[in-house]
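Down below is the structure, laid out as structure tokens.
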Number of protein chains: 2
Amino acid sequence: MPSLHHHPLDPHSRFIRLVLNEIGLDVDLVEEKPWEREERFLHLNPAGLLPVLVEDGGLVVPGVSAIAEYLDEAHGAGLGEHRLLSLDTATRVETRRLADWFLTKFHAEVSDYLVTEKILKRFMPEDAGGGAPDTSAIRAAKTNVRYHLRYLGYLARRRNWLAGDRLSYADLAAAAQLSVVDYLGDVPWAEDDTAKDWYARIKSRPSFRPLLNEMVRGTTPSSTYANLDF
Amino acid sequence: MPSLHHHPLDPHSRFIRLVLNEIGLDVDLVEEKPWEREERFLHLNPAGLLPVLVEDGGLVVPGVSAIAEYLDEAHGAGLGEHRLLSLDTATRVETRRLADWFLTKFHAEVSDYLVTEKILKRFMPEDAGGGAPDTSAIRAAKTNVRYHLRYLGYLARRRNWLAGDRLSYADLAAAAQLSVVDYLGDVPWAEDDTAKDWYARIKSRPSFRPLLNEMVRGTTPSSTYANLDF
């Protein structure tokens, strides 16, 4: 069986897990602590980043974008109209733009700060950046998440799903990022009702279930995290 | 004619210009100052990032990765064995891994610091982040560039081009990033001879010429920048 090297609260890993679940591909999950910079892991991805997909034949696909493109190329055609990266050129461009928005911009402005400061720093040794959380980074992330939610709401008011008529990588990338922020209880859902409705639709999909049942040692998820009627 | 919204010292814009030149696609270049956050430009790319490709029919392709994937889909098949994203699965994965390495990691650790601190801050108003250069950021970038050069050398010793037998997006992404650092005179070429030889090969390609002839107001390029025998 292929394996996915991941971390439970890494939003990029969560995005690929949602994609795999939507496609219906089973993988062995291998939990990694990339900040330990183990030789074995750096051999899989010299950039030291999660996730990494290892195929049965030994093909190593490192990094979130390379995996998403690879999975579309390897399995997209078999999904027909459920393909997560549409064959229509303009929708394809929009899907990649929005997936990149959430995987890069939302990550840099919101989820990376929150996960690093609130969770990972506790497990990291001091020389790898561990220690007390930086409260100004947490404050910045909590401010930034508001305009991202409003942007989500703006998109969801214009379209059935974020990039068009059908569920796509854009929705799964956005939901994966939001899910870790929601785990920490830091999504101000009252900010935008349409964004909340869109997230409720994604959250109730079977592909999301495994993520909602997962716990990270030492951090209880927010009271509404696994609640489908939040 | 399609147009490419770019900035002369933005390495992501330079990557796409190299790709367009290699493919042989003419575009009108439209210079942008994304830090001014003009409504007109944010309409093209709400993320406010360069480059943005606008096709004749009006299709807007925003952001470096979306453009690279789009150009391969639209023109790759016509390039035959000169295709910049190989059809071979493993080479495709490796090309995307390395392109991402230089567009994301090298950019975050080296070129973004140098271009922002040494050039852009001079043109930016203070409330957009302008002002005196941060010398510690410049120092960090100058340290970081050394290990990236050694990694380039390591790759170039194993292969004809960075991702395999043929020139690919990986080479053009790496060369685009290095070219802005070289403009500023901050590439320690003595660090790795193989990396230097690889860059000399790229630099002498006709696709590179337009970049070497370009000057940025107020900043003279380093003495060896346009020299093919540096």
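From a predicted model like this one, the values you see are computed outputs, not experimental measurements. All values below come from the heavy atoms of this structure, side chains included, with hydrogens, waters and symmetry mates left out. Numbers restart at 1 for each chain; the letters A, B, ... are given by sequence-line order, proteins then strands.
At most 12 heavy atoms of other shown residues, nucleotides or ligands fall within 6.0 angstrom of atom OH in A:Y113. Counting heavy-atom neighbours within 6.0 Å of A:D165 CG, excluding the residue itself, gives a total of 12 or less. The environment of OH in B:Y154 is sparse: at most 12 heavy-atom neighbours from other residues, nucleotides or ligands sit within 6.0 Å. The environment of A:D134 atom CG is dense: over 12 non-hydrogen atoms of other residues, nucleotides or ligands sit within 6.0 angstrom.
Ranked by non-hydrogen atom pairs under 4.5 Å with chain B, the options A:E73, A:R97, A:E94 are led by A:E73.
Taking non-hydrogen atoms and a 4.5 Å limit, the residue list of residues 166-174 of chain A in contact with chain B is empty. The stretch residues 46-69 of chain A places A:P46, A:A47, A:L59, A:V60, A:V61, A:P62, A:A66, A:E69 near chain B, each with some heavy atom under 4.5 Å from a heavy atom of that chain.
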